[in-house]
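Single-structure report; data block below.
First listed ligand is number 1; within each ligand, the first listed atom is number 1. One is the number of the first residue; the rest follow in order along the sequence.
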Amino acid sequence: MTETPQSMIAGMGHAVPSKVLTNHDLEKMVDTNDQWIRERTGIERRHILEKDKTNSDLAKQAGVLALQDAGIKPEEVDCIILATISGDMPFPSTACFVQAKLGAVNAAAFDISAACSGFLYGLALADSFIRSKKFQRVLVIGSETLSRFTDWEDRATCVLFGDGAGAAVVVPSDGIKGIIASYIRSDGRLTHLLNTPGGGSAHPTSHDTVDQHMHFIKMEGREVFKHAVRSMVDAVKHSLKQAKLRPEEIDFLVPHQANVRIIDAIAERLHMGRDRVCINVQNYGNTSAASIPIALDEARRDGRIHEGSTCLLVAFGGGLTWASTIIRF
Ligand code: UT7
């Protein structure tokens with residue numbers, strides 16, 4: 001373990017839309033059933049953003065709560081890093097919309113695209129900014145409105161995703177608290193397993209791309225599942241090694257919430273019982289970059305994570321990307 005970690009989380013917040021879509025609601029939309037969805041994924045419901053709202057509205061809500069929790073004013077924020085694959089527009093950065101909505105007038109603001117690993121990529125960047133003394137107060141947000149990019153006629157994907165946002169304020173560490181390990185990786189040879197093919201320079205928007213549903217998320221679920229377990233276990237090994245910790249020294253595991261079977265497989269490899277694992281996929285579905293900050297903030301607020309807890313975060317997503325962070329609270 002590092003004696004003097006360089007950055008720490010000073011405050012967190014999360015937000016989800018009030019509208020809930022249950023498995024039973026989905027039964028009326030596509031050929032699926034509650035039992036299949038629960039057994040194969042663990043998901044029971046997900047939150048869907050109201051029609052008149054955007055990703056940056058959700059991200060702003062989470063950001064406001066995180067800043068309040070940290071006791072930091074919007075104008076004191078130096079940098080906003082927004083992890084998302086479902087922003088307000090192809091450009092400019094959704095982070096810039098959030099900056100304006102927050103009134104964070106003195107910040108640099110930009111998006112990063114690392115799919116479900118995005119929040120941990122953001123934390124790694126924030127940690128580096130703080131270590132290099134480039135910035136002092138970095139707001140990292142994971143915010144997704146995947147419902148806007150979901151093919152509601154495709155039962156293989158539409159049951160999986162949900163909308164939400166989570167945020168953390170990263171500042172210099174005031175002691176042994178903080179980010180004590182951070183590992184990020186990707187494998188661009190596997191982009192075909194999980195992507196949204198239409199709307200970019202590869203397949204610019206046309207009547208044809210729209211007719212072929214190319215603006216929606218496509219996934220080879222079974223293949224992605226295999227890589228998810230393998231890559232997340234790899235990421236955990238690297239971050240534990242960096243922090244010089246053994247799995248039994250981890251108090252709480254906060255994995256990306258895509259599928260309860262993936263979470264159980266990782267926990268089993270680490271010999272961690274469910275009492276030490278954060279699982280909330282049943283309530284939110286897969287919220288991509290937002291899943292870890294939502295789960296982390298919930299566990300902080302209900303006391304499962306407290307002062308002195310050592311938490312292992314691990315994520316996996318399209319790219320493929322994967323990442324792991326260890327934080328001492
Ligand atoms: O967050 C980024 C990373 N993403 C992930 O980690 C997701 C990884 N993948 C998964 O979680 C799982 O692969 C899924 C939940 C997506 C799918 O579960 P699976 O156990 O791998 O199912 P499958 O795709 O192998 O499909 C099994 C069967 C198929 O029927 P046949 O061919 O066996 O007759 C599917 O057509 O289940 C059928 N099926 C469904 N049935 C009812 C697929 N989707 C549904 C559905 N309702 N919604």
Salt bridge flag under 4.0 Å for residues Asp297 and Arg300 = yes
Between Phe225 and ligand 1, which part of the residue brings a heavy atom under 4.0 Å of the ligand: side chain, backbone, both or neither?
-> both
For Thr41, the atoms of ligand 1 under 4.0 Å from one of its heavy atoms are 15 (C)
Counting from 1 in the order shown, the ligand 1 atoms closer than 4.0 Å to a non-hydrogen atom of Ala258 are 1 (O), 5 (C), 6 (O)
Ligand-residue contact atoms, ligand 1 with Asn259, heavy atoms, under 4.0 Å = 10 (C), 11 (O), 12 (C), 15 (C)
If we number the atoms of ligand 1 from 1 as shown, the ones under 4.0 Å from a heavy atom of Val224 are 3 (C), 4 (N), 5 (C), 6 (O), 8 (C)
In terms of side-chain geometry, is the basic nitrogen of Lys19 or Glu50 positioned less than 4.0 Å from the acidic oxygen of its partner?
-> no
Please could you name the atoms of ligand 1 that Met219 approaches to less than 4.0 Å, counting only its heavy atoms?
-> 4 (N), 7 (C), 16 (C)
Ligand 1 atoms in contact with Arg40 (distance to a heavy atom under 4.0 Å) | 20 (O)
Look at the rings of Tyr183 and His238 and say which category their plane angle falls in: under 30° parallel, 30 to 60° tilted, over 60° perpendicular.
-> parallel
Report yes or no: do Glu27 and Asn23 form a side-chain donor-acceptor pair below 3.5 Å?
-> no
Is it true that a side-chain atom of Arg276 and a backbone atom of Ile250 form a donor plus acceptor pair closer than 3.5 Å?
-> yes
Using distance alone, decide if ligand 1 has a nitrogen or oxygen within less than 3.5 Å of any nitrogen or oxygen in His256.
-> yes
Atoms of ligand 1 less than 4.0 Å from Ala156 heavy atoms?
-> 44 (N)
Flag Gly317 as yes when one of its N or O atoms lies below 3.5 Å from any N or O atom of ligand 1, and as no otherwise.
-> no
Can you tell me if Asn286 has a non-hydrogen atom under 4.0 Å from ligand 1?
-> yes
The protein heavy atom nearest to atom 28 (C) of ligand 1 is Trp36 NE1, 4.3 Å
So which of Glu220, Arg222, Met232 gets nearest to atom 23 (P) of ligand 1, if we judge by its closest heavy atom?
-> Arg222
SG (Cys311) and NE2 (His306) are apart, to the nearest 0.5 Å, by 8.5 Å
Side chain, backbone, both or neither: the part of Thr32 lying under 4.0 Å from ligand 1 by heavy atom = both
side-chain hydrogen bond (donor to acceptor under 3.5 Å, both in side chains) partner of Asn55, chosen from Thr94, Asp88, Thr84 | Thr84
Part of Ile37 within contact of ligand 1 (heavy atoms, under 4.0 Å) | neither
Just jot down the ligand 1 atoms closer than 4.0 angstrom to any heavy atom of Val159, in number order.
-> 48 (N)
Quick one: which of Gln257, Arg46, His256 gives a side-chain contact (heavy atoms from CB on, under 4.5 Å) with Val281?
-> Gln257
